[in-house]
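What you are looking at is a predicted structure, and each value in this text was computed from that prediction instead of being measured. By convention in this document, chain letters (A, B, ...) are assigned in the order of the sequence lines, proteins followed by strands, and residues within each chain are numbered from 1.
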Amino acid sequence: MFAQSEDQQVFESTSARFVESQYPAERVRALARAEAVFEAPLWREAAALGWTTLLVPESAGGGSLSGNGLADLLIVASLFGRHAAPGPLFGTNLVARALGTWGSADQQAGPLAEILAGDAVAAWGHRSACTATRSSTGVVVSGRVRSVESAADARYVLVSVDEPEGRSHVLVPLAAPGVALTPLKGVDQTRRFWDVTLDGVTLPGAAWVGAMGAAAEHDDELLDVASVLALGEMAGALHRAFAMTLDWVANRYSFGRPLNSYQEIKHRMADLRTQVEAAEAVAARAASLVGSGSGSGSGSGSGRALASAGMAHVGRHGPEAIQDCIQLHGGIGVTNDCDLHLFLRRTVLDANLYGSPAEFARRLGRLVVAQGVAG
Amino acid sequence: MFAQSEDQQVFESTSARFVESQYPAERVRALARAEAVFEAPLWREAAALGWTTLLVPESAGGGSLSGNGLADLLIVASLFGRHAAPGPLFGTNLVARALGTWGSADQQAGPLAEILAGDAVAAWGHRSACTATRSSTGVVVSGRVRSVESAADARYVLVSVDEPEGRSHVLVPLAAPGVALTPLKGVDQTRRFWDVTLDGVTLPGAAWVGAMGAAAEHDDELLDVASVLALGEMAGALHRAFAMTLDWVANRYSFGRPLNSYQEIKHRMADLRTQVEAAEAVAARAASLVGSGSGSGSGSGSGRALASAGMAHVGRHGPEAIQDCIQLHGGIGVTNDCDLHLFLRRTVLDANLYGSPAEFARRLGRLVVAQGVAG
Amino acid sequence: MSSTADVPADVPVEEFAARARAWLAENMPPADPTAGHFFFTDTSSRSDDHDLVRIDTCRRLQRLLHDGGFAGICVAPEYGGQGLTPAHQAAFNRELRGFDHPIEIQASTFIPCMAVLLEFGTEEQKLRHIPPMLKGEAIWAQLLSEPSGGSDAAGALTTATRDGDQWILNGSKIWTTGAWYSDWAMCLARTNWEVEKHRGLTVFALPLRTPGLEIHRIELLNGSVEFCQEFLTDVVVDDRDRIGDVDGGWTVMTRWLHHERTISGGSPYVTSTGRSHNAPNDGPRLAAVARELGTVDDPRALEIIGEARALTLVSDALVSSVTRKMQTGELPFHAAAMSRLFSGTSQVRKAALALELTGADGVMWEPGDDQRAGVGQSWLVRQAACIGGGTTEMARNVIAERLLGMPREARRDDGAFRDVPKGPR
Amino acid sequence: MSSTADVPADVPVEEFAARARAWLAENMPPADPTAGHFFFTDTSSRSDDHDLVRIDTCRRLQRLLHDGGFAGICVAPEYGGQGLTPAHQAAFNRELRGFDHPIEIQASTFIPCMAVLLEFGTEEQKLRHIPPMLKGEAIWAQLLSEPSGGSDAAGALTTATRDGDQWILNGSKIWTTGAWYSDWAMCLARTNWEVEKHRGLTVFALPLRTPGLEIHRIELLNGSVEFCQEFLTDVVVDDRDRIGDVDGGWTVMTRWLHHERTISGGSPYVTSTGRSHNAPNDGPRLAAVARELGTVDDPRALEIIGEARALTLVSDALVSSVTRKMQTGELPFHAAAMSRLFSGTSQVRKAALALELTGADGVMWEPGDDQRAGVGQSWLVRQAACIGGGTTEMARNVIAERLLGMPREARRDDGAFRDVPKGPR
């Protein structure tokens, strides 16, 4: 879907084969009911395919295919969407991006290398309400981080904390004393989340990631990247739900006619097809701009604007589009017997996890307003 | 549409004959381009039909047909909508309601009697930003009242002002020194509005209407009544736009088939028909509750709740429905050669004049929240 | 017959209402204001035992009504009813507000099953089946929809083949509410494949615990397992359990579907306040969610709460108005499709509003947080409101073709049913 | 021919772009960032004279381009063009950003009229008509739609009857952009009523100031009077002004409609930056309105501004992506209907968002308050975005039937056109 260059096409087909063989629908359905969804050996294989390195500079052990690692990673995100695949793709890459860009040499040699190799999973604690105080040996962090993906499987979580110099990032090992996890339930049964409580967790001074006071700005950059990944996953899920529905309306008969001969249904399929194309188009453009570094600009045509526009638009219309696919399926569509729900769950999660469509619209609105009359 | 009893049916047909004979579409189109739309002799005839008395108690010179004067007046409002008729129906009745309910004996013998007879037109200054100070002879009012309907044709405007005892109503004669009018342009070409500026307008102490400090509460009651009238007018306009469109799709052929044989169009007509029915139903129920005095209660099933629900719902979906009628007409629909626009203009005005659909939704939301967990 | 308080058929409504009021106060338990509907509640955290307990309660409450002389108010005394008028039933339903009552077994058992029996059953069938219904002893289900069927009830593939005084049924039925706890069912089957589809159908009554009939539970996206699918393999039904004429099933179905539609109001056979307490995603429920999230004073939250409440109020007004106009003849009975359409689409919209209110807090939640779980789960399953009981697409067809008189859709199913295209060649 | 700077056909694009850059800087006036589009601007406060002045400016700017060697970049030199490639035109269009240019006369004159002439015109017709177009001397209009026509271009009723070397045209055309100031027109007419509708059409060129041709202005709901309706009564056209074969008009139309659709991008004949500066109801315009109303910091206002901007950005991304995929063959050319659908519906939505932003302040305004007037007026006329240039309904048909291969709608117009139902019997 998103592969352009020959390198990307090879990467797409290798990755697709891996996802298809490891996560056929029956396996995803089984995992939805399983206690745990993470499988460490599989993730190491995934890392060997290159899924963990794309957002990291070569100097820090990473490397992209096309020069725009986010455009490359978009290919994997879209495959995840097409198959409702489980796996710590987002958090691991986001933290790798953070450590690769802002991490110290020690952090790159240590945690980042573990992440790149697929030995460690990481999570981005984007809903953090934590504070830090300095101690003689380092820093003591307390607070709550909500909705942390894969927390029980992850070795590290990147958390922004309020400290005297502003808001800064620390890398918290989840095995540290004082860390407690509360499992959450949710709409997507194969992506698992935990609330993480930090109660006086003591970290060395070397735990800071990036310049002190830079966390708000860095979180904003990570949000751009996360948005592109979510857009890719939603585009993949939409694509698949649409294809299933196109097939269904061709093969299902009512009153002696196939459903797809009814004009009202034809028009809805036309709308859905257009929404699928729009989702793919804005995902690709956002990846192109954010991944090439236009993401941190604040102009209303910048990468940040495109990422926010995509999340505002696809986040609103994508879940609605899959609901319409369900409606077109009739009763079977609202049951677990029909795979559509896998894509519905994945899409509505992505559409809200990092902020609601309304919040992304406001984010874009602020960019527009800040740009002034020039438009 | 809204007539139930035999009395109401007689009233409806008399009123309908008057509106149809005085305001055929060609006349309304001509008035849209005319300097002024108000005709005093016609309004006196209208008053003789009973259009000005329905919201006023018998003791104050008024009288209803059914015991619920607002349900009676809804019949006229709906006729106004069906014909996009001009005339100071709303403001006159709202001020009559205010003076009949809260006015002094002198106000009822004076201004109210003029209004009931059709000799004077009045306006409700619902967007008032005015203050009053007491003087030796009475009260001095300054400020601005926005969007005052028929101000150039009206003798009185009811205005709420900030004064030391709170927010209170005064009846301002528009001929008073210090009153200035600025004409506005707008979407509805046959309902005309002015901004009214009051610059040190001196009124006698007898100009106060109702208890001091009661204006906010009274304005809320008037808003309930105004909402019902707007709902009636929107329901009438929707009914007419739908009927025109039903006719159009039956008689217009495309590819050798009438438009109404295309399923997608059939389904949109079904949606439109349902919205028309919903608009009529909520208008009738709101009139029934508000007109019988359930309007001042704050429960979420009260008259106030129904009126707000109607304005939130019909105000949002009514204009959209008429836009869909236009879409079904194709090109001719966006021209002044097709009468649909008369109903579009009237509906979108009513949907926003007293507050946007979102503001009415919030008004209802506040009622729901105030009611607490009991629901 | 078995009622303890015999009421003369001409008792004035007010007198009857007063008696009901006194009786209810003395005999009926109060309603539980926190209880939700089966259907829209996530049952993944609720056991079958819990539901069975409630069904037993319903049976007991129904028996209580029966013994008090308030069951089958519009049903003739010879079948265990009271022989009174719809006005008496309506008065009773008004008095019922605030009291617990067997709401969960009204649909299916009384409408359409009992109503259809009253119209088409033989005297023997009525005497045999209706008294147990009114006593809460027999809960009935509808074996109507089929996996292949979609919106076309008349396209049933389940076949009944005559074998002397018996019929042998084979096929599959789906979307049967509560088949797993019900006792009997009314079933539509094809008895003739050589004629136009409406002319080859027959209706049967059959017990649900019978050889060859397997019941599977269907899991909905909110975790509910209330619906069932049935597989019929050589199920034997006596000819005396046939309802109506052989191949005359569509005549029965027309009334069956009519009675089914009266669930939203207007049926003389339903004992219910007509109020869905704690409707999901209505304004008050959203206000509670917003309170929990601490956003209840945000302008946008108030707007969402108000829009949701507005949909409920407008929907109620529409349904009442359409019902009244159908009664006075101002609108034909097909107008009921407008009520179906509006309530379906407004429920879907309310589910979307709820999620808009919560954002990230509606897609994941702490275990036990029923408010937020309700938002997410009912969002997932929301299209059920536009599918179950006839899709909104069918409602739009009915409005366009029957109410507005627009041209009918072309059909390819007017020949012998055997030859009707049922899938790609 | 008449260009002052002769460019060899194989000039590298970069070199050409550099020359264009220098030439533009020296010769072309800057764009007026406050100027809007004709169509979506309320012209009730704008005189025809104002529009005519602008049209004259366009003619002068076109002449300037021509004399500079930048008109008809992809048109052969023998017709007054430059004989270069689409890549050269695209490069020029990029350089054009920030400069005023004759945007208002690109559509119609160059696409489809000049493009159709290049494909179907005789050598004589091309030599006669194309040079005046490129010099800004001849503005062309399209006499295509008809009052009875709706979405069916092939259903033209305007009739051309042969009379020796001449044709006599009778009928009415509508939705002609700028006919009142244009010079020539291309006109579709029926020349044979006895065959299937597509097989009896012929295309003609004719001057707009000619006996028997009356032009009326149509007033849109925003006050615009840019569109015209024409009444043709015994209008005489020479056979040498026929474009293409007699009864071969549909072959011409297929390309005519194709070229018309390229207005959103991809045509080698359009000189334009492709950027609609000051698009109505886009985020920046709404931000300006919100600033005027003092609501620009309200969360809800920011949300509305953001949603509007998102629609623009997603629409742009979609159009670019579809255009690219059509060029690479990844999508068939019918995919352009997706761009048409999305941009139409998103413009409608943006108009609704603008009104939501303003509320009461968008339905009335002080005279001269163009911001608020723009909100109200463009809301009134908003459906034009889903009607003009082919309705969104037609776009959905094309997507469903051509792109997705779903079954075609039944037609009742496949016999002799004389017998096709055109209205109720």
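The line from CG of B:N352 to CE of D:M364 is 9.0 Å long, rounded to the nearest 0.5 Å.
Interface residue B:P319: backbone and side-chain heavy atoms are both found under 4.5 Å from chain D. With a 4.5 angstrom heavy-atom cutoff, B:F193 touches chain D only via side-chain atoms. With a threshold of 4.5 angstrom between heavy atoms, D:L380 approaches chain B through its backbone and through its side chain. Neither the backbone nor the side chain of B:D324 comes within contact range of chain D; no heavy atoms are under 4.5 Å apart. For a residue to count as touching a neighbouring chain, one of its non-hydrogen atoms must lie under 4.5 Å from one of that chain's; by this rule B:R268 touches chain D with the side chain only. In this structure, chain B has a heavy atom under 4.5 Å from the side chain of D:R372, while its backbone stays farther away. Contacts of D:A154 with chain B are absent, with no heavy-atom separation under 4.5 Å from either backbone or side chain. Contact of D:W365 with chain B is made through backbone and side chain together, with heavy-atom distances under 4.5 Å.
A side chain to side chain contact (heavy atoms under 4.5 Å, CB included) with D:E230 is found for one member of D:E214, D:H216, D:K173 and no other, namely D:K173.
At least one cation-pi condition fails for B:R191 and B:F80: the charged atom is not both under 6.0 angstrom from the six-membered ring centre and inside a 45 degree cone around its axis.
For the set D:G155, D:C386, D:A352, the entry with the most heavy-atom pairs within less than 4.5 Å of chain B is D:C386. Counting heavy-atom pairs under 4.5 Å between each of D:D414, D:L355, D:I387 and chain B puts D:I387 at the top. Your options are B:D337, B:V334, B:I332, and the one with the most heavy-atom pairs under 4.5 Å with chain D is B:V334. Highest contact tally toward chain D, considering only B:L353, B:L349, B:I326, B:V348, is held by B:V348 [criterion: heavy-atom pairs under 4.5 Å]. When D:D361, D:D152, D:L221 are compared by the number of non-hydrogen pairs under 4.5 Å with chain B, D:L221 comes out ahead. Most heavy-atom pairs under 4.5 Å with chain D, from the set B:R257, B:E359, B:E320: that is B:R257.
Not a single donor-acceptor pair under 3.5 Å links the side chain of D:D298 to the backbone N or O of D:R300. Put simply, the side chain of B:Q323 gets close to the backbone of D:W379: a donor and an acceptor are under 3.5 Å apart.
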Next item on the list: Assess whether side-chain contact (heavy atoms from CB on, under 4.5 Å) is satisfied between D:L341 and D:R396, documenting all intermediate values.
Entry: CA-CA 7 Å; D:L341 174 59; D:R396 289 189 179 99; 3.7 Å; yes
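Applying the side-chain hydrogen bond (donor to acceptor under 3.5 Å, both in side chains) test to B:H313 and every residue at least two apart in sequence or in another chain returns B:Q275. Evaluation of the side-chain hydrogen bond (donor to acceptor under 3.5 Å, both in side chains) rule for B:R252 yields no partner, not counting sequence neighbours. By the ring pair (Phe, Tyr, Trp, His ring centres under 6.0 Å) test, B:Y354 is found to be paired with B:W124, B:H126, residues two or more places apart in sequence or in another chain being considered.
Residues D:E366 and B:T182 have side chains that never bring a donor and an acceptor to within less than 3.5 angstrom of each other. Counting only N and O atoms by type, the side chains of B:D188 and B:T190 include a donor and acceptor under 3.5 Å apart.
Within residues 258-267 of chain B, the residues approaching chain D closer than 4.5 Å by heavy atoms are, in numerical order, B:Y262, B:E264.
In this pair, D:F417 and D:W193 present their aromatic rings tilted. The plane angle is within the 30 to 60° band.
Using a 4.0 Å cut-off between charged side-chain N and carboxylate O, B:D195 and B:R127 make no salt bridge.
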